[in-house]
Amino acid sequence: MNQDYIKPDNWSIIEEGFDRETVKSSESLFSIGNGAMGQRANFEENYTGETFQGSYIAGIYYPDKTKVGWWKNGYPKYFAKVLNAPNWIGINIEINGEDFDLNTCTEVSNYRRELNMKEGWYHRSFQAILKNGTEVAVDVRRFLSLDLDEVGVINYEITPLNKDAKIIYKPYIDAGVTNEDANWEEKFWEPLDVKKSENEAFVTAQTFKTHFKVTTFMQNTIFVKGENQNLSPKSVDTTSDKILFDYDVIVAKGEKSAIQKIGGYTVSLNHEDTILAAENVIQSALSKGYSQLLQDQIDAWAKIWEMSDITIDGDVKAQQGIRFNIFQLNQTYLGKDSRLNIGPKGFTGEKYGGSTYWDTEAYCIPFYMATKDQQVARNLLTYRYNQLDKAIENAEVNLGFKNGAALYPMVTMNGEECHNEWEITHEEIHRNGAIAFAIYNYHRFTGDYSYIPEKGLEVLIGIARFWHQRASFSKNKNQYMILGVTGPNEYENNINNNFYTNYIAKWCIDYATAQIQKVSLEYPLDHKRIIEKVKLSEAELQEWSKVAGNMYFPKSEELGIYLQQDGFLDKDLVRVKDLDRSQRPINQKWSWDRVLRSPYIKQADVLQCFYFFEDHFSKEELERNFDFYESFTVHESSLSPCVHSIQAALLDKMDMAYAFYLRTSRLDLDDYNKEVEEGCHITSMAGTWMSIVEGFGGMRVKNDALHFSPKIPKEWDGYSFKINFRNQIVKISVDHKETKLSLEGTQELTVYVNGTAVLVQPKNKKI
């Protein structure tokens, strides 16, 4: 834990007291989104202190040219950026002739921020004394509508406390923005048009290179004492990429004034005429009005929480943590558009480019499968199918593979590789395995096999072909090896025979072969279509079988463990507990050379294999490998604690499981890795959900049936969650005395609890 200023609360994220040192962290933690757009919790008014301004639009990106001192053949050409979108929240304010700026006020008191996760809104309130002596109370509420997902709403109220005040509201929209992480300090937006009409304004700009066209819009209404003043702007300032309105009001001491600002984006991804679309969406918002828009927001979030909530009794910090994670996941992706995916930072920052990683398949799909309709998870699988041609091109052009072998990008926006570090881009190839595993996991959980003959089998064949060609035969060992890779532990680069990579490569080939056989028997027309399309022969299948059947796995017979890679035991094996705390996190304290030579593990690697393929190994094997590798793991990846929590629970190491759960659930709230100001770790938040459902709840799917092995941390009085299993909603409630199951719907369901079959009727049933 590196920060502790967020107040414990079951349903809200709360900050009390104005602290310039935590402004950027809070901008991340209080971020809001609605699946189509999102923004950091920047102040609406001008702020001259340290800040990281950021607004983002789903699916809008830019291919920033890679910046490198020298160029190697096959080096990735660019690193895709999620773009800092035009700013629509801005409201400059002048009070009695002085610019209102919290950084220059002589006093700020009663400062409070709240992110209400239950109802989906962000609130800020405080009193401030300006240098001119005017004292004001400020109350601001902002939300991004789930129903009208191109619209955001701000209600900004100011009450003079010690004297009358002339208040000038200066709302604006501005496309002259840049990214903090731009490689070449270039602008990404080309202004096209600025338009205004009465209290509405529109700035249209398009991205260079990718030519996404975006109209940023605003509509403003001024109130005094709750009455609409029907004001038009006193003046309008316009440039090629910005428009600012000026509204003047005289407000008596103790009276409340307000500006209600509707803003947002219409994009060419969805509209041919983005300005007309913006005009229409403004009218839709105005016809509802602020109060109805807010009520619709509350109702929409109530519907989400009805299915996705996890309750924890007796541990407020744990409860706050899981709800924060579930809230951010739903703010980032709602499954409405199969063109979209889940970036590691979501709408909270620019790091990692806002692109798609293997995180989606390995961590996020289970959450979306279980808390939403299965079509949402199917959309995520379809996203990869639609990019199969690009994955084949990636393997061919960048790595010289042939015959339809597919290497999915490490990072992508549109199917092209968008990552620019060679040791990750072309060596962290295990991501192919996660994509294949997600297809298997989807069928296992939903029972929907139709995706495989329709789309998935082509993906599996391309991935199997990649592994077949990527493996090389060692005459010395008379086995197949996979050399020059980076495993999930990115603190090891260019190593040989990473156990997880080798194991999932073998599994992918075996699984693809089995599905080819199954489709040939049960879907002969699809089989014929696919085999003719990909030109797959029996001889090629036999070559696959040779590789899968004779894959090398490094192992220590003495320790009874699989080795993370060749030579791992040759390192100076100093365990994490013996590492000076002043040296942590090592990725911020050590040279990269020192990190690479150390035994320290960034995230689950061998243990990632045990997580995916738990039923392939004995519990004793898991325990030996867990005890060894956890002792060297520094958990400096957000994806690490959740896997360890699940496995610790399985091994009855409940204190450790609970500690890992707190770390994954409060990773950002408590800033464990000293980086939350860059944005939140969205994709790993799905791992927090898994820590409870699969860890403490012990949920598994075996032989088409739902299994639970419930355990409860001693710190909790009880917990509950719901699972949408094959279109039946199962609720499990656990306390220290009993486990209860209930079922929504009309069909009974057999569920296994600690290995015992329980027939659950659509009503509460005690066990």
Side-chain angles (χ1 to χ4, degrees), residues 302-313 318-319 322-323 325-327 329-330 334-335 363-378 380 438 440-449 614-615 642 645-646 649-650 661 685-713 716-767:
K303 187 175 180 180
I304 290 172
W305 285 115
E306 173 63 25
M307 183 61 220
S308 64
D309 191 24
I310 292 179
T311 68
I312 297 174
D313 300 324
Q319 177 70 87
I322 186 59
R323 283 186 172 142
N325 285 242
I326 293 170
F327 180 72
L329 284 164
N330 279 291
L334 290 166
Y363 298 90
C364 296
I365 278 182
F367 169 80
Y368 288 102
M369 281 195 302
T371 66
K372 299 190 184 301
D373 183 271
Q374 68 186 43
Q375 185 61 44
V376 173
R378 189 172 172 128
L380 290 170
Y440 159 76
N441 204 16
Y442 172 80
H443 171 231
R444 174 175 64 173
F445 187 85
T446 67
D448 173 22
Y449 191 77
E614 180 181 287
D615 56 343
C642 62
S645 180
I646 293 166
L650 179 63
Y661 164 76
M685 291 178 175
T688 304
W689 178 89
M690 295 189 319
S691 297
I692 294 179
V693 174
E694 298 180 10
F696 301 136
M699 189 200 79
R700 304 290 189 273
V701 178
K702 302 176 183 178
N703 300 319
D704 288 328
L706 200 56
H707 289 244
F708 295 100
S709 300
K711 298 173 182 178
I712 183 169
W716 297 359
D717 296 329
Y719 64 95
S720 70
F721 57 84
K722 288 183 179 180
I723 296 296
N724 181 357
F725 180 67
R726 303 187 178 184
N727 300 313
Q728 296 200 81
I729 310 300
V730 181
K731 182 177 181 180
I732 181 169
S733 302
V734 181
D735 61 29
H736 291 280
K737 294 180 179 179
E738 62 182 353
T739 295
K740 292 190 290 186
L741 295 173
S742 62
L743 182 64
E744 297 177 11
T746 58
Q747 300 292 319
E748 63 186 21
L749 180 68
T750 297
V751 175
Y752 291 80
V753 179
N754 295 322
T756 300
V758 179
L759 183 63
V760 187
Q761 304 291 342
K763 59 182 179 181
N764 291 339
K765 183 179 180 69
K766 291 187 179 181
I767 301 169

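Fair warning: this is a prediction, and the values are worked out from it, not measured in the lab.
The minimum heavy-atom distance linking Ala438 with Ile365 is given by the pair CB-CD1, 3.9 Å. Here the closest non-hydrogen pair linking Cys642 and Gly687 is CB-O, 3.2 Å. When every heavy atom of Met307 is checked against every heavy atom of Thr371, the shortest pair comes out as CG-O, 3.1 Å. Minimum interatomic distance between Asp717 and His736 (heavy atoms only, all atoms of both residues): O-CD2, 3.9 Å. Residue Cys364 comes nearest to Ala686 through the heavy atom pair CA-CB, 3.7 Å, listed as atom of the first residue, atom of the second, then distance. When every heavy atom of Phe367 is checked against every heavy atom of Asn330, the shortest pair comes out as CZ-ND2, 3.9 Å.
The ring-ring contact (aromatic ring centres under 6.0 Å, His included) check on Tyr440 picks up Phe437, Trp507, Tyr511, with sequence neighbours excluded. Qualifying side chain to side chain contact (heavy atoms under 4.5 Å, CB included) partners for Thr311, counting only residues two or more places apart in sequence or in other chains: Asp309, Gln319, Arg323, Ser720. Residues forming a salt bridge (charged side-chain N to carboxylate O under 4.0 Å, His left out) with Lys722 (at least two apart in sequence, or on another chain): Glu306, Glu744. Scanning for salt bridge (charged side-chain N to carboxylate O under 4.0 Å, His left out) contacts around Glu748 gives an empty result, with sequence neighbours left out.
The distance from atom CD1 of Ile732 to atom CZ of Phe708, rounded to the nearest 0.5 Å, is 4.5 Å. One distance of note links CG of Asn727 with OG1 of Thr446; it measures 9.0 Å at 0.5 Å rounding. Rounded to the nearest 0.5 angstrom, Ile723 CD1 and Leu741 CG are separated by 11.5 Å. Interatomic distance, CD of Gln747 versus CD of Gln761, reported as 10.0 Å (0.5 Å rounding). To the nearest 0.5 Å, atom CG of residue Leu650 and atom CZ of residue Arg700 are 6.0 Å apart. Within the model, atoms CD of Glu694 and CD1 of Ile646 stand 5.0 Å from one another, a figure rounded to the nearest 0.5 Å.
The 12-atom threshold is exceeded at CG of Asp615, counting heavy atoms of other residues, nucleotides or ligands nearer than 6.0 Å. The environment of Tyr752 atom OH is sparse: at most 12 non-hydrogen atoms of other residues, nucleotides or ligands sit within 6.0 angstrom.
The side chain to side chain contact (heavy atoms under 4.5 Å, CB included) with Met369 is formed by just one residue from the set Val376, Asn724, Asn441; it is Asn441.
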Open item on the list: For Ile304 and Leu334: C-alpha separation, side-chain torsions, deciding distance, then whether side chain to side chain contact (heavy atoms under 4.5 Å, CB included) applies.
Closed with: CA-CA 10 Å; Ile304 290 172; Leu334 290 166; 4.1 Å; yes
Open item on the list: Between Phe696 and Ile712, is the side chain to side chain contact (heavy atoms under 4.5 Å, CB included) condition met? List the steps.
Closed with: CA-CA 6 Å; Phe696 301 136; Ile712 183 169; over 6 Å; no
Task: Val758/Thr750 under side chain to side chain contact (heavy atoms under 4.5 Å, CB included): CA gap, chis, key distance, verdict - done: CA-CA 5 Å; Val758 179; Thr750 297; over 6 Å; no
Open item on the list: Please evaluate residues Ile326 and Ile310 with respect to the criterion side chain to side chain contact (heavy atoms under 4.5 Å, CB included), reporting the C-alpha separation (whole Å), side-chain torsions for both, the decisive distance (0.1 Å), and the verdict.
Closed with: CA-CA 9 Å; Ile326 293 170; Ile310 292 179; 4.1 Å; yes
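Legend: salt bridge (charged side-chain N to carboxylate O under 4.0 Å, His left out) pairs involving residues 440-449, not counting sequence neighbours, sorted by first then second residue: Arg378-Asp448. Screening residues 725-737 for salt bridge (charged side-chain N to carboxylate O under 4.0 Å, His left out) gives Asp704-Arg726 as the qualifying pairs, with residues at least two apart or on separate chains.
Looking at heavy atoms from C-beta onward, Asn754 lies in side-chain contact with Pro710 at the 4.5 angstrom threshold. Between Tyr442 and Leu380 there is no side-chain heavy-atom pair separated by less than 4.5 Å. Between Ile692 and Ile312 there is a side-chain heavy-atom pair separated by less than 4.5 Å. Ser308 has its side chain out of reach of Trp689: every pair of non-hydrogen atoms, C-beta onward, lies at least 4.5 Å apart.
Using a distance-only test at 3.5 Å, with no hydrogens or angles considered, a donor-acceptor pair links the side chain of Lys711 to the main chain of Ala649. Distance alone, capped at 3.5 Å, places no donor-acceptor pair between the Tyr661 side chain and the Pro713 backbone.
Ring-plane geometry between Tyr719 and Trp716 is classed as perpendicular, the angle between the planes exceeding 60 degrees on a 0 to 90 degree scale with a lower cut at 30. Taking the six-membered ring where the residue is Trp, Trp305 and Phe327 present parallel rings, their angle staying beneath 30° rather than reaching 60°.
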